[in-house]
Amino acid sequence: MDEIELESNLNGVAYRLAERRDIVDMLAIERDVYEGEVPWTFSHFEHEIVQNKDAFFVVAEIDNKVVGFIGARLTDKGVNIHISNLAVLRDYQKRGIATTLINQIVRLMSNLGKNQMTLEVRRDNTKAQGLYRRNGFETDNLMPNYYEDGADAIWMVKKLRNNVEN
Ligand SMILES: CC(C)(COP(=O)(O)OP(=O)(O)OC[C@H]1O[C@@H](n2cnc3c(N)ncnc32)[C@H](O)[C@@H]1OP(=O)(O)O)[C@@H](O)C(=O)NCCC(=O)NCCS
């Protein structure tokens, strides 16, 4: 993904592509929002940031502290994009950082002519579903027992219009 150009600074929050050195901070964000659990391990992040050329992460930084991240991966031979992961430190939530992270990917992928964005979210994560709905994602499918603990997932889709701010 060499074509990536981000809005680098919005409302005091800096946005940039994640690097391997950010993974420790990203694991800390996971622990903060998932009660000490890390659904993604170091090597999951490393794969998507370093090895997989069709994937990347964007981090949000305030005063050089990584406070949030979003992951994205090209799918379907590069025509669509899948949001793989999204989290913001509790202390920095509810100030629009996740919305901006999503919109950065939407703008970027619209400009690159991608067709649609997809994601899966736990059925019981109504907070994240509300965020996605407000940003134009619609429920496409229910995936029963999708997660290891037996929870259902909801598959959501957002159509992209090329070269249009969403
Ligand atoms: C879901 C998550 C990423 C949202 O992050 P966030 O940065 O708080 O998201 P935003 O600030 O863009 O929006 C969240 C809320 O803040 C509100 N908000 C945004 N800017 C605001 C502001 N300046 N003042 C007050 N409220 C604001 C939004 O309207 C939204 O309202 P809601 O609670 O009614 O839905 C975060 O809660 C999180 O990390 N959760 C745990 C991990 C997770 O569930 N990830 C998704 C997995 S699919």
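Counting convention: from 1, in listed order, for ligands and their atoms alike. Computed from a predicted structure; not experimentally measured. If you read the sequence from its start, that first residue is 1, and numbering goes on from there.
Looking at E30, R95, Q93 and measuring to atom 36 (C) of ligand 1, the nearest heavy atom belongs to Q93. Evaluated by nearest non-hydrogen atom to atom 14 (C) of ligand 1, the leading choice among K94, Q129, E120 is K94. Of the candidates R122, M156, R133, R134, R134 brings a heavy atom nearest to atom 35 (O) of ligand 1.
Note on D76 versus K114: no salt bridge recorded, every NZ/NE/NH1/NH2 to OD/OE distance being 4.0 Å or above.
A donor-acceptor pair under 3.5 Å links the side-chain atoms of N125 to the main chain of A128, judged by distance alone. Looking only at distances, a side-chain donor or acceptor of D152 sits under 3.5 Å from a matching main-chain atom of N145.
Every N/O-N/O distance between L131 and ligand 1 stays at or above 3.5 Å. Remark: ligand 1 and V33 share no N or O pair separated by less than 3.5 Å (distance only, no angle test).
Atom numbering of ligand 1 starts at 1 in the shown order; those under 4.0 Å from a heavy atom of A87 are 39 (O). With ligand atoms numbered from 1 in the order given, ligand 1 contributes 46 (C), 48 (S) to contacts under 4.0 Å with heavy atoms of Y132. The T99 neighbourhood of ligand 1 comprises atoms 10 (P), 12 (O), with distances under 4.0 Å to a heavy atom of that residue. Those atoms of ligand 1 that come under 4.0 Å of a heavy atom in K127, given as number and element, are 37 (O).
When each of Y92, F56, F57 is paired with F69, the ring pair (Phe, Tyr, Trp, His ring centres under 6.0 Å) condition holds for F57 and for no other.
Of the protein's non-hydrogen atoms, the one nearest atom 46 (C) of ligand 1 is L86 O, 3.6 Å. The nearest heavy-atom contact from the protein to atom 4 (C) of ligand 1 is A98 CB, 3.6 Å. When hydrogens are left out, the protein atom nearest atom 20 (N) of ligand 1 is G96 N, 3.2 Å; that is the closest non-hydrogen contact. Scanning the protein for heavy atoms near atom 39 (O) of ligand 1, the closest one is V88 N, 2.9 Å. Annotation: atom 44 (O) of ligand 1 to nearest protein heavy atom, N125 ND2, 2.7 Å. In this structure, atom 42 (C) of ligand 1 lies nearest to the protein heavy atom Y34 OH, 3.3 Å.
The aromatic rings of W40 and F45 lie tilted to each other, with the angle between the two planes from 30° to 60°.
For the residue pair R134 and T99, no side-chain donor N or O sits within less than 3.5 Å of a side-chain acceptor on the partner. H82 and T118 form a side-chain donor-acceptor contact under 3.5 Å, judged by distance and modelled atom types alone.
Within the model, atoms CZ of R122 and CD of Q129 stand 11.0 Å from one another, a figure rounded to the nearest 0.5 Å. Separating the CZ atom in R133 from the OG1 atom in T126 is a distance of 9.5 Å, to the nearest 0.5 Å.
Hydrophobic cluster membership differs between V79 and L119, with clusters built from Ile, Leu, Val, Met, Phe, Trp and Tyr side chains linked at under 4.5 angstrom.
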